[in-house]
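Have a look at the structure below before the remarks.
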Amino acid sequence: MKFQLYLTTALLSGAAYILALFATKELTSGMFPVAPAYPVFLFLVFFATTTALLLMLFRFYRGRWLYRALFSLVAFLGLLKLFETVFPFEFSILLAALFLAGFFFISTVWTHDVIVILASAGIGSVFSLSFTEDIAFVILLILSAYDVIAVFVTKHMMTLAHAMIRSQATFALFVPERIGGFAASIASVRPGAGFLILGGGDIVLPMIYLSSVARTSMDTALYGVAGALFGQFLNHLFLVQLRRPIPALPLITLGAIVGVVIGMELL
């Protein structure tokens with residue numbers, strides 16, 4: 001079942017989850033105010049609008065630099081928010097810029113994954129401040145159902161993923177089947193050709209829910225992380241058996257929710 005591939009995926013995504021939880025702890029320690037809770041509807045409108053704009057853009061623009069610029073902007077903001085939990089704002093800007101510049105000078109799989117892990121932790125922890133645990137739960141369920149439709153029915157998620165990979169602007173984890181693959185150039189990454197690709201949404205969306213749980217109980221959130229990683233394990237089993245892209249979010253969501261429920265019962 002390629003257990004090493006799953007283990008590597010779990011280590012990378014697990015590092016992102018843990019970073020997000022502790023960033024959330026810092027953000028809610030008094031340094032940063034918790035934003036008012038946003039309705040589910042507003043977040044879903046924002047999500048749908050962003051997806052539609054990207055699909056339109058891919059239809060009319062075949063270049064690569066615009067997409068790399070968008071990737072850089074998202075990564076920079078995520079890095080900035082994560083570093084802000086530890087360092088002063090001015091130094092955080094400099095550090096985020098240095099990390100991003102380093103990635104473009106050394107465009108390998110391992111540098112890409114480091115950027116995605118750090119930036120997703122920043123994004124997930126900040127977004128979690130805008131949602132209550134219940135709202136984050138509902139959003140995760142709705143987008144899990146959407147993930148199934150986007151992969152199996154409309155298939156536009158695959159269109160977006162392949163276009164981003166061609167543009168070398170994918171906000172996702174690239175997990176090589178062999179450890180040596182971390183040294184490969186990101187230009188060589190292709191789905192199913194020695195790499196497993198775990199989309200940014202499959203990391204950040206459960207992270208928002210788990211970070212919202214961490215605001216009231218860090219221990220319960222850690223159970224949720226364990227559950228999410230078990231959901232990844234189930235997803236990996238199906239992926240190996242079917243040998244075709246499948247939506248990862250539903251099983252990760254199920255695992256995270258079950259983990260949180262177990263944590264609430266045991267603690």
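This structure is a prediction, so every number in the text was calculated from the model and none was measured.
- Residues Ser72 and Phe104 approach most closely at OG-CZ, 3.0 Å, considering heavy atoms.
- The distance from atom CD1 of Ile252 to atom CE of Met207, rounded to the nearest 0.5 Å, is 10.5 Å.
- With contacts defined as side-chain heavy-atom distances shorter than 4.5 Å, the pair Leu140/Ile208 does not qualify.
- Each of Leu79 and Ile106 belongs to its own hydrophobic cluster when Ile, Leu, Val, Met, Phe, Trp and Tyr are linked at side-chain heavy-atom distances under 4.5 angstrom.
- Thr216 approaches Glu133 most closely through the heavy-atom pair OG1-OE1, 3.8 Å.
- Contact annotation: the side chain of Thr108 never approaches that of Phe182 to less than 4.5 Å [non-hydrogen atoms, C-beta and beyond].
- A donor-acceptor pair is defined here as one N or O able to donate and one able to accept, closer than 3.5 Å; such a pair exists between the side chain of Ser107 and the backbone of Phe103.
- In the model, Gln232 has no side-chain atom that pairs as donor or acceptor with a side-chain atom of Thr9 under 3.5 Å.
- For the pair Thr8 (side chain) and Gln4 (backbone), a donor-acceptor distance under 3.5 Å is present.
- Transitive grouping of hydrophobic side chains (ILVMFWY, heavy atoms separated by less than 4.5 Å) keeps Tyr67 and Leu53 in distinct clusters.
- Listed for the Thr170 side chain is no donor-acceptor partner under 3.5 Å among the backbone atoms of Ala172.
- Here the two rings, on Phe171 and His112, have centers that are 6.0 Å apart or farther.
- Of the inter-residue distances, the one linking Ile93 atom CD1 with Phe87 atom CZ reads 14.0 Å to the nearest 0.5 angstrom.
- Of all heavy-atom pairs spanning Leu229 and Ala10, the tightest one is CD2-O, 3.8 Å.
- Interatomic distance, Asp134 CG to Ile139 CD1, rounded to the nearest 0.5 Å: 11.0 Å.
- Taking each heavy atom of Pro176 and Val109 in turn, the nearest pair found is CD-CG1, 4.4 Å.
- At a threshold of 4.5 Å between non-hydrogen side-chain atoms, the residues Ile135 and Thr132 count as touching.
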side-chain contact (heavy atoms from CB on, under 4.5 Å) between Val151 and Asp147, intermediate numbers included
CA-CA 6 Å; Val151 172; Asp147 197 26; 3.9 Å; yes
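- The distance from the CD1 atom of Ile257 to the OH atom of Tyr209 is 5.5 Å, given to the nearest 0.5 Å.
- Taken to the nearest 0.5 Å, the CG atom of Leu143 stands 11.0 Å off from the CG atom of Asp202.
- Taken together through direct or relayed side-chain contacts under 4.5 Å among Ile, Leu, Val, Met, Phe, Trp and Tyr, Met56 and Leu66 form parts of separate hydrophobic clusters.
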Could you go through Phe230 and Leu234, starting from their C-alpha distance and side-chain angles, then the distance that decides it, and tell me whether this counts as side-chain contact (heavy atoms from CB on, under 4.5 Å)?
CA-CA 6 Å; Phe230 182 71; Leu234 296 178; 3.8 Å; yes
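- Asn235 pairs by the side chain to side chain contact (heavy atoms under 4.5 Å, CB included) definition with Ile246, Ala248, Leu251, not counting sequence neighbours.
- For Phe91 and Phe83, the ring centers are positioned 6.0 Å apart or more.
- Rounding to the nearest 0.5 Å places CG of Leu198 at 10.0 Å from CG of Asp113.
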Given side-chain contact (heavy atoms from CB on, under 4.5 Å), test Glu84 with Leu27 step by step and report yes or no.
CA-CA 9 Å; Glu84 257 193 292; Leu27 289 170; over 6 Å; no
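- Atom CE of Met264 is surrounded by 12 or fewer heavy atoms from other residues, nucleotides or ligands within 6.0 Å.
- Closest of all the heavy-atom pairs between Ala228 and Tyr17 is CB-CE1, 4.1 Å.
- Phe105 pairs by the side chain to side chain contact (heavy atoms under 4.5 Å, CB included) definition with nothing, not counting sequence neighbours.
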Name each donor-acceptor pair under 3.5 Å that joins a side chain in residues 116-126 to protein atoms two or more places apart or in another chain, with its distance.
residue, atom, partner, partner atom, Å
Ser120, OG, Val116, O, 2.7
Ser120, OG, Ile117, O, 3.0
Ser125, OG, Ala121, O, 2.8
Ser125, OG, Gly122, O, 3.0

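- Within the 4.5 Å cutoff, no side-chain heavy atoms of Val86 are placed close to those of Glu26.
- For Thr85 against Ala23, the heavy-atom pair with the smallest separation is CG2-O, 4.0 Å.
- Trp65 is not connected to Leu73 by any chain of hydrophobic side-chain contacts under 4.5 Å among Ile, Leu, Val, Met, Phe, Trp and Tyr, and they are in different clusters.
- One hydrophobic cluster, built from ILVMFWY side chains closer than 4.5 Å, holds both Leu11 and Leu173.
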Check the pair Phe89 / Leu80 against side-chain contact (heavy atoms from CB on, under 4.5 Å), numbers first and verdict last.
CA-CA 8 Å; Phe89 177 71; Leu80 175 61; 4.1 Å; yes
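- The backbone N or O of Gly194 lies less than 3.5 Å from no partner atom in the side chain of Arg178, so there is not a single donor-acceptor pair.
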